[in-house]
Amino acid sequence: MILRALRRVFALPLLIACACGGGRQAERVAPAIEFTAVPPAAAGGSDRTIRIAGRVTGAAPGQRIVLYARSGHWWVQPLTVQPFTTVQPNGAWENTTHLGTEYGALLVDGAFRPPDTTESLPKAGGQVVAVATVKGAGQYSDTPKVITFSGYEWQVRQIPSDRGGQNDYDPANAWTDAEGLLHLRLANRDGHWSSAEVILTRSLGYGTYAFTVRDTSTLDPSAAFGMITWDEEALDQNHRELDIEISQWGDPRVPNAQYVVQPYYVPANVARFPAPAGTLTHGFRWEPGRVSFRTARGTNAMAGSAVASHQFTSGVPLPGTERVRMNLYYFRYGPRPPQKDVEVVVERFQYLP
């Protein structure tokens, strides 16, 4: 009798625990993702990133968010080497993303390995626990302005960048004239400065790059003109950035030109020189383990009378998906704005493998 009573006493908490556990299991919320901060809709391929945030309900320990931005294809964000976003204990998540026309978030198990790019996002199932997408905020024209210059097609930048400080870009500031010359303008319209940039539509890799540019010796000290290579993704190789830059960075006492292999904060990676008046051709020969810069008078950087040259053999990147860019922008860290509109005329771009 006593033994049966004890069995009933000990069985009662077990039954209650089972009932409560069953109730909790029945009430479990299905995993879901929501966005609380949606970036604007804009062209992809930008070096500008912006905040994106949201919240997850029903996430299990160890699960993470994978973000994508759509620009033609879907591209993992913020970088291929940093594809995961942590889910906080309260379910919130936050990161940065490159711009796109649409944004996607996946809640995934710890073993999931996201593709760098994909034509379509995966559906929920297996290691992908939940999927959500959202259109970029605001209105955006999906067809960027493209111009032809020196036999190549160049996309004209139309969205902001933080190069030289936060700068807006106006497609009207880049054009070719009847002679086929490229004009880039830094313009002040109603008190608002806008910059210019053109981006080659394909990668070229190792070879010789040359830019023939009309006189820049009187360029405003607060303006900067760049002839560069840039890869959106290659953070491990400093974006494969090789620079020829004409600027005094707000200080008229310093030389007005420099060659750079990034990162610029390594003193050996920068070679400054005075670029004289007149038409100059700036160029570089990019080879495995070496990049040789040269500036010459006239239209041939490799054969004309040299005014400057420098060779780098350390930190030279490997080729990848870098593209040539030419930009003219307001260097906002200087003590004052440009005194008037600035224009640079590029006569020719040449590339030889």
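Not measured: the values here are computed from a predicted model.
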Chemist: State, with a plain yes or no, whether a side-chain heavy atom of Phe293 is found less than 4.5 Å away from one of Val261.
Modeler: yes
Chemist: Can Trp154 be reached from Leu242 by stepping across I, L, V, M, F, W or Y side chains whose heavy atoms are under 4.5 Å apart?
Modeler: yes
Chemist: Is the backbone N or O of Ala111 less than 3.5 Å from a side-chain atom of Asp109, with the two atoms forming a donor-acceptor pair by type?
Modeler: no
Chemist: Would you say Ser222 and Pro338 make side-chain contact, with heavy atoms under 4.5 Å?
Modeler: yes
Chemist: Are the ring centres of Tyr351 and Phe349 closer than 6.0 Å?
Modeler: no
Chemist: Of the non-hydrogen atoms in Ile50 and Pro39, which two are nearest, and what is the gap between them?
Modeler: CG2-CB, 3.5 Å
Chemist: Under the side-chain contact (heavy atoms from CB on, under 4.5 Å) criterion, do Arg55 and Asn90 qualify, and how do the steps go?
Modeler: CA-CA 8 Å; Arg55 184 175 299 277; Asn90 64 354; 4.2 Å; yes
Chemist: Hey, can you tell me if Phe35 and Trp93 have their rings parallel, tilted or perpendicular (30° and 60° cut-offs)?
Modeler: perpendicular
Chemist: Closest approach of Pro335 and Gly250, non-hydrogen atoms and distance?
Modeler: CD-O, 3.3 Å
Chemist: What is the minimum heavy-atom distance between Asn256 and Ser217, and which atoms define it?
Modeler: ND2-CA, 4.2 Å
Chemist: Does a side chain donor of either Glu197 or Asn327 reach within less than 3.5 Å of an acceptor in the other side chain?
Modeler: yes
Chemist: Under the 3.5 angstrom rule, does the side chain of Ser71 hit a backbone N or O of Gly100 as a donor-acceptor pair?
Modeler: no
Chemist: Would you say CZ of Arg297 has more than 12 non-hydrogen atoms from neighbouring residues, nucleotides or ligands within 6.0 angstrom?
Modeler: no
Chemist: Scan the side chains in residues 200-207 for donor-acceptor partners under 3.5 Å anywhere in the protein, sequence neighbours excluded, and list what turns up.
Modeler:
residue, atom, partner, partner atom, Å
Thr201, OG1, Glu153, O, 3.2
Ser203, OG, Thr321, O, 3.4
Ser203, OG, Glu322, O, 2.7

Chemist: Under 4.5 Å between any side-chain heavy atoms of Phe211 and Val324, yes or no?
Modeler: yes
Chemist: So, for Ser195 and Asn173, which heavy atoms are closest and what is the spacing to 0.1 Å?
Modeler: O-ND2, 3.1 Å
Chemist: For Arg336, is there an ion pair with Asp220 - N to carboxylate O distance below 4.0 angstrom?
Modeler: yes
Chemist: Report yes if some heavy atom in the side chain of Thr133 is under 4.5 Å from a heavy atom in the side chain of Tyr103; otherwise report no.
Modeler: no
Chemist: Is the shortest side-chain heavy-atom distance between Asp236 and Val81 below 4.5 Å?
Modeler: no
Chemist: Can a donor-acceptor pair be found, under 3.5 Å and without considering hydrogens, that links the side chain of Trp193 to the backbone of Tyr330?
Modeler: no
Chemist: Determine whether Val346 and Tyr152 fall in the same hydrophobic cluster, where Ile, Leu, Val, Met, Phe, Trp and Tyr are linked whenever their side-chain heavy atoms lie under 4.5 Å apart.
Modeler: yes
Chemist: So for atom CH2, which belongs to Trp74, do other residues, nucleotides or ligands contribute more than 12 heavy atoms lying within a distance under 6.0 Å?
Modeler: yes
Chemist: Side-chain atoms of residues 308-320: list all donor-acceptor pairs with protein atoms under 3.5 Å, sequence neighbours left out, distances to 0.1 Å.
Modeler:
residue, atom, partner, partner atom, Å
Gln311, NE2, Ser292, OG, 3.0

Chemist: Between the side chain of Arg348 and the main-chain N/O of Thr299, is any donor-acceptor distance below 3.5 Å?
Modeler: yes
Chemist: Is there a path of hydrophobic side-chain contacts, each under 4.5 Å between heavy atoms of I/L/V/M/F/W/Y residues, joining Tyr209 to Leu184?
Modeler: yes
Chemist: Measuring only between side-chain heavy atoms, which start at C-beta, is Thr36 closer than 4.5 Å to Glu94?
Modeler: no
Chemist: Would you check if the side chain of Asn269 reaches a backbone N or O of Pro263 as a donor-acceptor pair within less than 3.5 Å?
Modeler: yes
Chemist: Is the backbone N or O of Gly110 less than 3.5 Å from a side-chain atom of Arg64, with the two atoms forming a donor-acceptor pair by type?
Modeler: yes
Chemist: Side-chain heavy atoms nearer than 4.5 Å, only ILVMFWY residues, links allowed to pass through others: does that put Val56 and Ile52 together?
Modeler: yes
Chemist: Out of Thr97, Leu106, Val66, Asn95, which residue meets the side chain to side chain contact (heavy atoms under 4.5 Å, CB included) rule with Thr85?
Modeler: Asn95
Chemist: Taking the side chain as everything from C-beta on, heavy atoms only, tell me whether Phe331 gets closer than 4.5 Å to Gln248.
Modeler: no
Chemist: Can you confirm whether Phe284 sits close enough to Thr229 that some side-chain heavy atom of one is under 4.5 Å from a side-chain heavy atom of the other?
Modeler: yes
Chemist: Assigning hydrophobic clusters by single linkage (Ile, Leu, Val, Met, Phe, Trp, Tyr; side-chain heavy-atom cutoff under 4.5 Å), is Leu67 placed with Trp75?
Modeler: no
Chemist: Is the backbone N or O of Ser194 less than 3.5 Å from a side-chain atom of Asp168, with the two atoms forming a donor-acceptor pair by type?
Modeler: no
Chemist: Please report the shortest heavy-atom distance between Ile147 and Thr176, naming the atom on each side.
Modeler: CD1-CG2, 4.3 Å
Chemist: Can you check whether Val156's main-chain N or O pairs, donor with acceptor, with Gln158's side chain at less than 3.5 Å?
Modeler: no
Chemist: Taking all non-hydrogen atoms of both residues into account, name the closest pair between Leu107 and Gln63 and its distance.
Modeler: CD2-OE1, 3.7 Å
Chemist: Is there a ring pair (Phe, Tyr, Trp, His ring centres under 6.0 Å) between Tyr169 and Tyr329 once you walk through the steps?
Modeler: CA-CA 9 Å; Tyr169 285 74; Tyr329 57 91; 7.5 Å; no
Chemist: Taking Glu241 as the fixed residue, which of Arg325, Arg323, Arg163 is the one that meets the salt bridge (Lys or Arg N to Asp or Glu O under 4.0 Å) rule?
Modeler: Arg163
Chemist: Between the side chain of Gln262 and the main-chain N/O of Tyr264, is any donor-acceptor distance below 3.5 Å?
Modeler: yes
Chemist: Quick check: does any side chain N or O of His73 sit under 3.5 Å from a backbone N or O of Glu119, one acting as donor and the other as acceptor?
Modeler: no
